[in-house]
Structure formats: structure tokens, C-alpha cells
Visitor: 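One structure, as C-alpha cells, below. Some questions next.
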Amino acid sequence: MARNSNENENENIDPASVKANVKSTLKQEVIKELLNGSFHDNKTKLGNDALSLVVEVAKCLVTETCLRASSQALLESCEKVDIEHIEKCLPQLMLDFP
């Protein structure tokens, strides 16, 4: 089966350039408050190492979302990533990042 020209463009996405253009500033204080709000026991504490790890995982999730959304935009021959491209990626992201 012949490949679509849009599929060939999809292979040319440079993850490093996408990552360089992604400006994710996830503040540790915000992540900490979100996590502390979900703890059922007030005695549960979140260590600094665990918090740093969660922030890094969140940054990876943001970067992966941007990569997938840009791939989706290229498949649709769009020059700009819109919220619709992100929405199309969310179901698979939810399966990949449970």
C-alpha cells in the first residue's frame, strides 16, 4: 500500500526541536499541593526526592503530549497545533500513562 505524503512528513518530526519549543514550567509547590490534596491520611508526607520524580514524570507527559499532537497536526496537514489535536491524542495517552 502506498504511503501518504503526510505520513512521510510525520517521520521527520525532530523530538529535540519539539522539546526545545515546549515551555513546561511545572512548579514543585503546585504538584505538591495537588498530591497532598489527594492523600486520605493527614500523616502521609511527600519527600523531596519523590516530589522531584513526580515533577519529571509530569514534564515527560507534557513533552510526549506535544510530540503526539504535532504528529497529529502533520497528519492533518495543519501548520499549527490546536486543542483538537491534543484531544485526539488523549485516549492513547491515558492508556500509555495510567
Side-chain angles (χ1 to χ4, degrees):
M1 180 176 219
R3 296 185 103 184
N4 187 339
S5 63
N6 290 337
E7 290 176 11
N8 292 335
E9 290 176 12
N10 186 19
E11 294 172 358
N12 294 329
I13 293 175
D14 181 23
S17 68
V18 173
K19 187 174 181 179
N21 289 319
V22 173
K23 301 200 180 355
S24 64
T25 55
L26 299 173
K27 296 184 180 181
Q28 284 192 349
E29 298 83 24
V30 174
I31 300 292
K32 185 175 183 178
E33 288 300 317
L34 287 171
L35 291 173
N36 284 334
S38 66
F39 294 150
H40 297 292
D41 186 2
N42 290 339
K43 295 179 182 179
T44 305
K45 301 294 179 197
L46 183 64
N48 288 333
D49 290 340
L51 180 60
S52 296
L53 184 61
V54 171
V55 170
E56 286 303 313
V57 170
K59 286 180 183 179
C60 289
L61 178 61
V62 169
T63 303
E64 183 66 24
T65 303
C66 291
L67 284 168
R68 292 183 188 197
S70 62
S71 295
Q72 184 65 36
L74 282 175
L75 285 173
E76 296 175 9
S77 299
C78 295
E79 294 180 7
K80 181 173 126 178
V81 176
D82 290 324
I83 190 70
E84 292 83 16
H85 301 119
I86 295 171
E87 289 172 348
K88 290 178 182 177
C89 298
L90 286 179
Q92 189 63 43
L93 276 167
M94 297 298 288
L95 292 172
D96 292 343
F97 289 88

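We use all heavy atoms of the structure for the numbers below, so side chains are in, but hydrogens, waters and symmetry mates are not.
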Visitor: So how far is it from Ile31 CD1 to Ser52 OG, rounded to the nearest 0.5 Å?
Guide: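 OG of Ser52 is found 11.0 Å from CD1 of Ile31.
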Visitor: What's the spacing between Asn36 CG and Glu29 CD if we round to 0.5 Å?
Guide: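 Going from the CG atom of Asn36 to the CD atom of Glu29 covers 12.0 Å.
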Visitor: Go through the structure and list residues passing salt bridge (charged side-chain N to carboxylate O under 4.0 Å, His left out) with Lys32, not counting sequence neighbours.
Guide: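 Testing Lys32 for salt bridge (charged side-chain N to carboxylate O under 4.0 Å, His left out), a comparison that skips the adjacent residues, returns none.
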Visitor: Rounded at 0.5 Å granularity, tell me how far CD in Glu84 sits from SG in Cys89.
Guide: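 Answer rounded to 0.5 Å: 11.5 Å.
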Visitor: Is there a side-chain contact between Asp82 and His85 in this structure, where contact means two heavy atoms from C-beta onward sitting under 4.5 Å apart?
Guide: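 A side-chain contact exists here, since the closest heavy-atom pair is under 4.5 Å.
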Visitor: Search all heavy atoms of Val81 against all heavy atoms of Ala69 and return the closest pair with its distance.
Guide: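 Residues Val81 and Ala69, closest heavy atoms: CG1-CB, 3.7 Å.
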Visitor: So how far is it from Glu79 CD to Leu74 CG, rounded to the nearest 0.5 Å?
Guide: 10.0 Å
Visitor: So if I apply the side chain to side chain contact (heavy atoms under 4.5 Å, CB included) rule between Thr65 and each of Val62, Leu61, Thr63, which one comes out positive?
Guide: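 Between Thr65 and the candidates, side chain to side chain contact (heavy atoms under 4.5 Å, CB included) is satisfied uniquely by Leu61.
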Visitor: I need the Ile86 CD1 to Ile83 CD1 distance, nearest 0.5 Å.
Guide: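 Taking CD1 in Ile86 and CD1 in Ile83, the distance rounds to 4.5 Å.
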Visitor: Return the set of residues passing side chain to side chain donor-acceptor pair (under 3.5 Å) with Asp96 (not counting sequence neighbours), or none when no residue passes.
Guide: Arg68, Gln92
Visitor: Taking all non-hydrogen atoms of both residues into account, name the closest pair between Gln28 and Val55 and its distance.
Guide: CG-CG2, 3.7 Å
Visitor: Do Val30 and Val54 sit in one hydrophobic cluster, given that two such residues count as connected whenever their side-chain heavy atoms are within less than 4.5 Å of each other, even indirectly?
Guide: no
Visitor: Using 0.5 Å steps for rounding, measure from the CG atom of Leu35 to the OG1 atom of Thr44.
Guide: 11.5 Å
Visitor: Can you check whether Lys88 reaches Glu76 side chain to side chain, under 4.5 Å on heavy atoms?
Guide: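 Yes, side chains in contact.
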Visitor: Report whether Phe39 and Val57 are members of the same hydrophobic cluster (ILVMFWY, side-chain heavy atoms less than 4.5 Å apart, transitive linking).
Guide: no
